[in-house]
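What follows is one structure encoded as structure tokens, with my remarks underneath.
Note that the coordinates shown come from a computational prediction; the quantities given were computed from them, not determined experimentally. Hydrogens, waters and symmetry mates are skipped; everything else that's a heavy atom, side chains included, is used.
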Amino acid sequence: MINPAAPNPIGDVLQRLRDRLAAVTDGEIATYIPELGTANPSWFGIALSTLDGHVYEAGDVHRQFTIQSVSKPFAYALALADRGLDEVLAKVGVEPSGEAFNSIRLLRDGSRPYNPMVNAGAIVTASLVDGGTPGERFARIREGLSAFAGRDLRVDERVYASEQETGDHNRALAYLLRSTGALLCGVDDALEVYFRQCSILVTAHDLAVMAATLAAGGVHPVSGDAVVSPAVAQHVLTVMASCGTYDYAGEWLLRVGMPAKSGVSGGLVAALPAQFGLGVFSPPLDGRGNSVRAIAACEDLSARFGLHMMRRSVRSVPVFARFLHGDELRSDRERPMRERRILAERGRRILVCELQSDMGFVGAETVLRAIGADLAGVGWLVLDLNRVSRLEAVAAAMLDAFTGELAQRGVRLIVADPWQRALLESAAAEFGTLSGALEHCEDELLGEAGLAEAQAVPLAEQDILRDLPPARVEQLAAQMRTVELDAGDEIRDLALGLVTRGRLQARDADGRRAAAAGPGAAFGPLTLLEPVGLTWAAVASSTCLVLTRNGRIELADSDPAALAALQEAIACDLADRLRVTPHLAQHR
């Protein structure tokens with residue numbers, strides 16, 4: 001529920017709409033079921049439930065009424081869950097009838113009702129729900145509808161008795177269905193379940209939550225429980241869209257554009273897939289058996305806010321954040337010059353696509369077309385999903401099919417995903433960071449070039465000291481100490497470090513990976529390229545030569561020329577790095 005003290009613009013819109021439409025006096029209350037005729041025509045409530053369980057309300061949203069035909073899509077969902085689509089389709093069609101809810105007509109072959117939203121189809125549907133007896137079948141329906149609503153629902157026994165007493169038209173339908181073989185149980189058994197199903201008490205608030213459950217692919221918006229599968233929810237919403245408002249279904253879809261179901265007690269439920277659920281209650285009905293105010297409210301909301309499911313979708317965010325090659329974008333791994341030069345020469349073999357926004361068919365198609373136009377010489381494709389909040393099934397299938405074909409041509413897919421959701425089956429490897437994915441590709445590219453990582457690099461061969469005379473290197477060696485590290489060990493009091501063996505990784509103050517270094521690489525504040533405040537630790541057993549902060553101060557006092565030579569060497573190395581990898585600093 002919304003905090004009553006907080007601004008509530010959506011609730012205010014619903015309240016103003018409710019107040020304006022309350023003045024509409026068209027329509028008549030249903031009286032063919034006597035108990036329904038006792039309703040007050042002024043009752044009117046509108047509720048909207050988001051997919052995370054916020055419910056916006058206006059008017060009589062907590063007044064109870066019997067669910068009647070609004071139960072049909074939810075009972076259909078249970079039948080589909082229990083029997084499967086093919087078995088249910090063999091007994092109940094899915095074609096719009098174009099006639100009233102109580103029409104005595106079957107499909108042309110005479111074998112089954114038009115759809116589960118008309119009475120004939122709903123009677124058969126209720127008989128298909130699991131249960132060996134009428135009591136067991138109704139228990140399954142009541143519990144199922146309660147799961148959709150998120151609370152225990154009960155039957156109005158007076159309305160049930162009224163339905164039984166005046167239900168001759170439905171009995172005629174049931175006997176017809178029995179004669180065609182569509183109804184496999186007895187007429188009385190079938191109607192007992194169906195009449196009780198229609199007599200379940202709900203509120204507009206309940207209907208909004210039930211609709212939101214369908215809109216969320218069968219997942220309850222508050223509890224997070226899967227009431228039915230996404231496939232079942234999809235089937236139900238499809239039939240609601242084409243058949244849910246009887247002989248008004250075509251115009252409803254044209255004007256409102258949301259799957260919906262109405263009922264003769266004045267209830268109406270509508271769902272905008274992946275968006276929200278709507279529940280409306282107002283007893284006066286039009287000549288087709290639909291609530292006059294409910295229809296008007298939904299038409300107004302759809303027109304005002306562009307809620308039609310066929311509306312043009314405008315992509316405000318491009319699917320690409322960046323589209324680069326490995327000679328433009330590097331990992332945070334500190335590498336010796338020989339490796340840097342190979343990566344500069346051959347880095348275009350690595351293609352990096354940084355993606356963003358939700359991605360469905362259109363986004364995936366755009367990505368595939370762009371990648372396909374830039375694959376010349378590519379050996380590694382890195383997809384960075386850091387900014388992709390949702391990858392729809394169709395997009396994942398398209399990317400998997402495409403990259404599966406690329407794999408046959410020697411292009412390997414590497415995924416960077418901070419949540420490591422394993423969204424793409426075709427990925428050769430997945431990493432939590434883009435830098436980790438790039439490092440993996442760089443290592444493989446260097447291996448392909450015949451440049452295996454050195455197992456050990458002594459001080460004299462360290463890249464940063466390559467231009468210093470041997471005597472000067474020996475002077476520096478005297479000021480540095482050898483540090484042996486086990487995996488996880490940290491280096492403290494660091495001014496400059498040189499990796500002679502193993503692998504190190506740096507993390508920032510928030511614990512995120514910020515840099516890495518292997519044999520022959522320099523690290524620490526003196527390198528001038530490193531952000532302040534990193535903590536370096538060994539990834540595996542490693543050996544480093546370390547100049548501490550105090551050691552740097554002592555070197556400045558005892559041999560300032562040696563320190564100046566070291567700083568000059570660092571500056572020359574930095575200049576060379578920036579020439580070879582111009583985008584490295586920007587990437588960091």
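Not a single donor-acceptor pair under 3.5 Å links the side chain of S541 to the backbone N or O of D486. With hydrogens and angles disregarded, a donor-acceptor distance shorter than 3.5 Å links the side chain of S542 to the backbone of A540. In this structure, D400 contributes its side chain and S426 its backbone to a donor-acceptor pair below 3.5 Å. At distances below 3.5 Å, at least one donor-acceptor pair connects side-chain atoms of H220 with backbone N or O atoms of V222. Between the side chain of S49 and the backbone N or O of G277, no donor-acceptor pair lies under 3.5 Å. For the pair T433 (side chain) and G436 (backbone), a donor-acceptor distance under 3.5 Å is present.
Between P273 and Q234 the shortest side-chain heavy-atom distance does not fall below 4.5 Å. Looking at heavy atoms from C-beta onward, T527 lies out of side-chain contact with D573 at the 4.5 angstrom threshold.
Closest heavy-atom contact between A370 and F323: O-CZ, 3.7 Å. The minimum heavy-atom distance between A47 and A208, with the atom names listed, is O-CB, 3.5 Å. Taking every heavy atom of both residues into account, V499 and G518 meet most closely at CB-O, 3.2 Å. Annotation for C353 and I371: closest pair SG-CG1, 3.7 Å, computed over non-hydrogen atoms. Scanning all heavy atoms of the two residues, the minimum distance from C441 to V382 falls at SG-CG2, 3.6 Å. Scanning all heavy atoms of the two residues, the minimum distance from E354 to L329 falls at OE2-CD2, 4.2 Å.
In summary, the side chains of D52 and T50 do present a donor paired with an acceptor at a separation below 3.5 Å, with no hydrogens or angles considered. Side chains of D559 and Q475: a donor on one and an acceptor on the other come within 3.5 Å. S389 and D358 are linked by a side-chain donor-acceptor pair at a separation below 3.5 angstrom, with hydrogens and angles left out of the test. A donor-acceptor pair shorter than 3.5 Å can be found between the side chains of R507 and Q505. Checking E442 against S331 by side-chain atom types alone, a donor-acceptor pair falls below 3.5 Å.
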Practice problem: Starting from the C-alpha separation in whole Å, work towards a yes-or-no answer on salt bridge (Lys or Arg N to Asp or Glu O under 4.0 Å) for R409 and E405. | Solution: CA-CA 7 Å; R409 295 163 50 183; E405 294 176 10; over 6 Å; no

Quiz item: Does the side chain to side chain contact (heavy atoms under 4.5 Å, CB included) test come out yes or no for H205 and R151, once each step is laid out?
Solution: CA-CA 11 Å; H205 181 285; R151 71 178 185 93; over 6 Å; no

Exercise. Starting from the C-alpha separation in whole Å, work towards a yes-or-no answer on salt bridge (Lys or Arg N to Asp or Glu O under 4.0 Å) for R552 and E554.
Key: CA-CA 5 Å; R552 177 185 175 283; E554 292 174 5; over 6 Å; no

Practice problem: Show the numbers, then the answer: is there a salt bridge (Lys or Arg N to Asp or Glu O under 4.0 Å) between R412 and E444? | Solution: CA-CA 11 Å; R412 281 146 284 186; E444 290 197 343; 3.4 Å; yes

Self-check item: Working for salt bridge (Lys or Arg N to Asp or Glu O under 4.0 Å), residues R333 and D443
Solution: CA-CA 10 Å; R333 169 85 175 273; D443 286 343; 3.4 Å; yes

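When the salt bridge (charged side-chain N to carboxylate O under 4.0 Å, His left out) test is applied to E425, no partner is found at least two apart in sequence or on another chain. Taking E299 as the reference, Y248 meet the side-chain hydrogen bond (donor to acceptor under 3.5 Å, both in side chains) condition, with sequence neighbours excluded.
When the shell of 6.0 Å around CZ of R503 is examined, it contains more than 12 heavy atoms from other residues, nucleotides or ligands. Under a cut-off of 6.0 angstrom, the local environment of CD in Q420 is crowded, with over 12 non-hydrogen atoms contributed by other residues, nucleotides or ligands.
Electrostatic pairing of R513 and E439 counts as a salt bridge here, judged by a charged N lying under 4.0 Å from a carboxylate O.
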